[in-house]
Undergrad: 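Next up is a structure, given as structure tokens.
Quick note: residue numbers are just sequence positions, from 1. As the structure is a prediction and not an experimental result, all values here were calculated from the model.
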Amino acid sequence: MNSRAFNFPKYFPLVISAFAGAIAAIVLCNVAPRHKEVGRNAFVLAVDLVFTDSLSRDQFLKDARVVARHCRRYEPETLMYEVLQSEKDPLKLQFLERYANKDDSYLTKHKSSQPFKTFREKLQNLQESGKVAITGNGYNELGIGYM
């Protein structure tokens, strides 16, 4: 027998375990893309943040990850929640948030969640201490393109 041959019985439990783990990750992490209803235009927030130092930026990113995980798991009408970093200045970020609608998805569900409230308080403290400058706008999609 060739000593380099794959020993299937020996590795079978490992293969099954990896397959089960992959299926669990797909189910538990809700990795399917989220889409808005046809004919409805989503509400989008674009928020620009300029930090004075990398420590404050990194704390913001850590806190944003907590809210992003919450949104992905518990807010199906939060269609997108992403932070972008400038390729020219690592202290400049843009936060893009996309909701199925403004009133219910954003104002009622998202803004009332405890993870968001905690995150917003921390971000407000950074802003009040001069560690970050924040500007932004809300936008209504016109339905011309796609995401």
Side-chain angles (χ1 to χ4, degrees), residues 6 8 10-147:
F6 182 77
F8 186 76
K10 178 180 176 182
Y11 294 104
F12 182 74
L14 182 62
V15 171
I16 293 300
S17 178
F19 180 75
I23 295 298
I26 290 170
V27 172
L28 294 175
C29 294
N30 190 19
V31 295
R34 298 177 179 182
H35 302 284
K36 66 179 177 142
E37 291 179 35
V38 174
R40 292 192 65 180
N41 297 331
F43 174 71
V44 178
L45 280 179
V47 180
D48 294 308
L49 304 105
V50 181
F51 290 87
T52 59
D53 60 271
S54 60
L55 188 63
S56 298
R57 180 209 53 211
D58 293 347
Q59 184 60 52
F60 165 82
L61 292 172
K62 180 181 174 185
D63 296 337
R65 282 184 185 93
V66 172
V67 181
R69 279 194 299 270
H70 171 83
C71 292
R72 186 161 195 71
R73 193 165 200 182
Y74 299 108
E75 296 181 18
E77 292 183 354
T78 299
L79 306 174
M80 182 178 76
Y81 205 76
E82 184 61 81
V83 179
L84 310 172
Q85 185 175 42
S86 168
E87 59 184 358
K88 294 180 180 179
D89 182 351
L91 295 177
K92 289 184 181 181
L93 303 177
Q94 186 174 67
F95 210 150
L96 291 177
E97 304 172 43
R98 186 171 179 251
Y99 301 91
N101 59 70
K102 182 178 181 179
D103 293 332
D104 186 48
S105 305
Y106 172 63
L107 294 175
T108 302
K109 293 176 182 168
H110 178 70
K111 287 188 79 173
S112 68
S113 74
Q114 191 56 51
F116 173 79
K117 288 177 180 179
T118 301
F119 170 73
R120 184 62 187 113
E121 182 180 338
K122 290 179 179 182
L123 182 57
Q124 190 169 357
N125 289 339
L126 285 173
Q127 189 176 19
E128 289 172 356
S129 67
K131 300 287 186 181
V132 64
I134 303 172
T135 59
N137 283 298
Y139 298 91
N140 295 307
E141 289 182 356
L142 299 178
I144 294 171
Y146 65 94
M147 286 192 174

Undergrad: Are the side chains of His70 and Gln114 in touch, meaning some heavy atoms are under 4.5 Å apart?
TA: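 No - every pair of side-chain heavy atoms lies 4.5 Å or more apart.
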
Undergrad: Ignoring hydrogens, what is the shortest heavy-atom contact between Lys109 and Ser105? Give both atom names and the distance.
TA: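 In terms of heavy atoms, the two residues are closest at CB-O, 3.6 Å.
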
Undergrad: Which pair of non-hydrogen atoms, one from Gln94 and one from Ala46, has the smallest distance, and what is that distance?
TA: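 It is NE2-CB, 4.3 Å.
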
Undergrad: Can you check whether Pro90's main-chain N or O pairs, donor with acceptor, with Arg57's side chain at less than 3.5 Å?
TA: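 Answer holds: yes.
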
Undergrad: How many angstroms lie between CD in Glu82 and CG in Leu93, if you round to the nearest 0.5 Å?
TA: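 Those atoms lie 11.0 Å apart.
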
Undergrad: Rounded at 0.5 Å granularity, tell me how far NZ in Lys92 sits from OG in Ser86.
TA: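 With rounding to 0.5 Å, NZ (Lys92) is 6.0 Å from OG (Ser86).
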
Undergrad: Which heavy atom of Ser54 sits nearest to which heavy atom of Leu91, and what is that distance?
TA: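 Minimum heavy-atom contact is N-CD2, 3.6 Å.
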
Undergrad: Is there a side-chain contact between Val66 and Thr118 (heavy atoms, below 4.5 Å)?
TA: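 The answer is no; the side chains never approach within 4.5 Å.
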
Undergrad: Can Asp63 and Gln59 be counted as having a side-chain donor-acceptor contact under 3.5 angstrom?
TA: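 On atom types as modelled, these side chains qualify, holding a pair under 3.5 Å.
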
Undergrad: For the CD atom of Gln127 and the CZ atom of Arg120, what is their distance to the nearest 0.5 Å?
TA: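 CZ of Arg120 is found 6.0 Å from CD of Gln127.
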
Undergrad: Hey, can you tell me if Phe60 and Phe95 have their rings parallel, tilted or perpendicular (30° and 60° cut-offs)?
TA: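 Taking Phe95 first and then Phe60, their aromatic rings stand perpendicular (interplane angle over 60°).
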
Undergrad: Which atom names give the shortest non-hydrogen contact between Tyr81 and Ala64, and what distance separates them?
TA: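 Closest approach of Tyr81 to Ala64, heavy atoms only: CE2-O, 4.4 Å.
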
Undergrad: What's the spacing between Leu123 CG and Phe116 CZ if we round to 0.5 Å?
TA: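 Rounded to the nearest 0.5 Å, the CG-CZ separation comes to 8.5 Å.
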
Undergrad: Ignoring hydrogens, what is the shortest heavy-atom contact between Pro76 and Leu79? Give both atom names and the distance.
TA: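 What the structure gives for the nearest pair is O-CD2, 4.1 Å.
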
Undergrad: For the pair Asn101 and Glu77, evaluate side chain to side chain contact (heavy atoms under 4.5 Å, CB included) and give the outcome as yes or no after the intermediate values.
TA: CA-CA 8 Å; Asn101 59 70; Glu77 292 183 354; 3.9 Å; yes

Undergrad: More than 12 heavy atoms of other residues, nucleotides or ligands under 6.0 Å from CD of Glu87: yes or no?
TA: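 It does not: Glu87 CD has 12 such atoms or fewer within range.
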
Undergrad: Step by step, would you call Tyr99 with Leu107 a side chain to side chain contact (heavy atoms under 4.5 Å, CB included)?
TA: CA-CA 10 Å; Tyr99 301 91; Leu107 294 175; over 6 Å; no

Undergrad: Checking side chain to side chain contact (heavy atoms under 4.5 Å, CB included) for the pair Asn41/Asn140: CA distance, chi angles, key distance, verdict?
TA: CA-CA 7 Å; Asn41 297 331; Asn140 295 307; 5.7 Å; no

Undergrad: Could you point out which residue of Thr52, Asn125, Leu126 forms a side-chain contact (heavy atoms from CB on, under 4.5 Å) with Val132?
TA: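 Among Thr52, Asn125, Leu126, the one meeting side-chain contact (heavy atoms from CB on, under 4.5 Å) with Val132 is Leu126.
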
Undergrad: What do the steps show when you test Lys62 against Asp58 for side chain to side chain contact (heavy atoms under 4.5 Å, CB included), and what is the final call?
TA: CA-CA 6 Å; Lys62 180 181 174 185; Asp58 293 347; over 6 Å; no

Undergrad: Ignoring hydrogens, what is the shortest heavy-atom contact between Glu75 and Ser113? Give both atom names and the distance.
TA: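 Where Glu75 meets Ser113 most closely, the heavy atoms are OE2-OG, 3.8 Å.
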
Undergrad: Specify whether Tyr106 and His110 have parallel, tilted or perpendicular ring planes, treating 30° as the upper limit for parallel and 60° as the lower limit for perpendicular.
TA: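 Correct class here is parallel.
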
